[in-house]
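Here the structure comes first, spelled out in structure tokens, and everything after it is commentary.
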Amino acid sequence: MNDTSKTAGAAATQTLTVTDNVTGKTLELPVRQGTEGPRVADIRRLYSDLGMFTYDPGFTATGSCESKITYIDGDEGVLLHRGYAIEDLAEHSDFLEVCFLLLYGHLPDRAEKEDFEQTITMHTMVHEQMRTFFSGFRRDAHPMAIMVGVVGAMSAFYHDSTDIDDPYQRMVASHRLIAKMPTIAAMAYKYSIGQPFMYPRNDLRYAENFLHMTFNVPCADLRVSPVLARAMDRIFILHADHEQNASTSTVRLAGSSGANPFACIAAGIASLWGPAHGGANEAVLNMLREIGSKDRIPEFLKRARDKDDPFRLMGFGHRVYKNYDPRAAVLKDSTDSVLDELGVRNEPLLELALELERIAREDEYFQKRKLFPNVDFYSGILLQAMGFPTSMFTVLFALARTVGWIAQWKEMIEDPVQKIGRPRQLYTGEARRPFVPLGAR
Ligand code: ACO
């Protein structure tokens, strides 16, 4: 392959020349430059012109779509939503404002913000019949199992927002999903611990309302701490979107066939459930408990370096970030303020995590491979301190990521080049062979 750059006037037209050494055919592919990030070769003509597919398991070098929502520079540790740095959004914004930004592309002005908050608040209740739907689940069902089922079932409750060709219905579905997800998540939790469901309250803000529905009970009126509500809101902001990860790509792929948005988001929740994606913060807590004390850190680092040992340092490393995950830095700060608020001094797991991070970052193995703490390294400690059981960690991730999924789904539906997602394959099975009758096998 030969990469050339031609300048025509002010605009640079780049191409990538591909030569098939078997047939001698040559193809010039257009190369596109995004606003940020590496150049992207448009290979769509590869099969029609050269009769060849590309092979890229795990899509490590494949862009599946054009997007204007989120940009990640993994080498520099940069995460931008619609051009705004995640650190700035976590510091100066709030989750609903970030939702508006992801959905509509700009920060809302005062009137837009009020209107959006009002709309979301007015959609937080779920259809009353959904309460009985919950009782079909076993009490010991994992809350993620309930989430997959109940969110998928929303398509059976909200028929008037399932027509994907109607922009108004798409908007209503987006608002319903963002508004009702905290209610459904809290109901999944309440059901699993045998407590009555708490209705949402319109006088509370988004994160505060979620904490109320999760931790309050009808016989008491516990006030939600503003520090905890702010920490929850920040956690939601940090997980709101992360471009074309496994669950988002799942939502886009499911949606590319024309499936309704509720079914697509249920597919995203299923993909998020796996330990390699949404379940890693739980694994971090288990690992810290297993390490137990600071003097055992070298022993576990040795295991992490050993290629014959399957042990990996959980919460370290990332497919895209080869630098400090910017979300981990914000979470580390939030952890301190939450522990302060809760009056927790010298939390042993946090002390252990800080020391583990310090030693690992001085270790040549981790330095050489650019393995830094990722978002999951501190989130488990924080969520546990806030009172969430580990089974709820991925549910909280799903709640926050819903806006990212729905923004990406909407962008896909509105993209004129959108078509059903249908990857090809490198077939290595049997070549055509004659059928053998049963008696002759
Ligand atoms: N501990 C020890 N070694 C590691 C770790 C780790 N956590 N992560 C990567 N490595 C090593 C690999 O063994 C490999 O070494 P080698 O080059 O000598 O063979 C090298 O670093 C590159 O690792 P890959 O597995 O090729 O990187 P990949 O991008 O496929 O994996 C992943 C990324 C899955 C996140 C990995 O770093 C990992 O397993 N981390 C622990 C689990 C975790 O924290 N997951 C959460 C990710 S964040 C999220 O999903 C929200």
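Just so you know, ligand 1 is whichever comes first in the structure, and atom 1 is the first atom listed for that ligand. In this chain, residues are counted from 1 in sequence order.
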Are Phe311 and Phe300 close enough, and set up right, to give a ring pair (Phe, Tyr, Trp, His ring centres under 6.0 Å), and what steps lead you there? CA-CA 8 Å; Phe311 175 79; Phe300 280 83; 5.5 Å; yes

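Those atoms of ligand 1 with a heavy atom of Gly315 less than 4.0 angstrom away are 43 (C), 44 (O). Close approach of ligand 1 to Arg319 is summarised as follows: ligand atoms under 4.0 Å from at least one heavy atom of the residue are 28 (P), 29 (O), 30 (O), 33 (C). Within ligand 1, counting atoms from 1 as listed, the ones closer than 4.0 Å to a heavy atom of Gly317 are 35 (C), 37 (O). Near Ala304, meaning under 4.0 Å from any of its heavy atoms, are these atoms of ligand 1: 2 (C). Heavy-atom contacts of Asp376 reach the following atoms of ligand 1: 46 (C), 48 (S), 49 (C), 51 (C) (cutoff under 4.0 Å).
The aromatic ring centres of His242 and Tyr321 sit less than 6.0 Å apart. Taking the six-membered ring for Trp and the full ring otherwise, the centers of Phe316 and Phe377 sit less than 6.0 Å from each other.
Residue contacts with ligand 1 for Leu371 involve side-chain atoms from C-beta outward but no N, CA, C or O (heavy atoms, distance under 4.0 Å). Residue contacts with ligand 1 for His318 involve both N, CA, C or O and side-chain atoms from C-beta outward (heavy atoms, distance under 4.0 Å). Contacts of Tyr365 with ligand 1, taken as heavy-atom pairs under 4.0 Å, involve the side chain alone.
Inclusion of Arg327 in the set of residues having an N or O under 3.5 Å from an N or O of ligand 1 is not warranted.
Taking all heavy atoms of Lys307, Arg305, Arg312 into account, the minimum distance to atom 24 (P) of ligand 1 is reached by Arg312.
Contact between Pro182 and Phe210 at its shortest, heavy atoms only, is O-CD1, 3.5 Å. The two residues Ala328 and Tyr378 come nearest to each other via the heavy atoms O-CD1, 4.1 Å.
Using modelled atom types, one side-chain atom of Lys180 and one backbone atom of Met125 make a donor-acceptor pair closer than 3.5 Å.
In this structure the side chain of Pro108 never reaches within 4.5 angstrom of the side chain of Phe116, judged on heavy atoms.
Note that atom 22 (C) of ligand 1 has no protein non-hydrogen atoms nearby, at separations under 4.0 angstrom. Within a 4.0 Å radius of atom 17 (O) of ligand 1, the protein contributes one or more non-hydrogen atoms. By the definition of a contact as any protein heavy atom under 4.0 Å away, atom 27 (O) of ligand 1 is not in contact.
Between the side chains of Ser64 and Arg252, no donor-acceptor pair of N or O atoms lies under 3.5 Å.
Aromatic ring pairs are classed by plane angle as parallel below 30°, tilted from 30° to 60° and perpendicular above 60°; the pair Phe133 and Phe137 is perpendicular.
Atom 42 (C) of ligand 1 has as its closest protein heavy atom Met314 SD, 3.7 Å.
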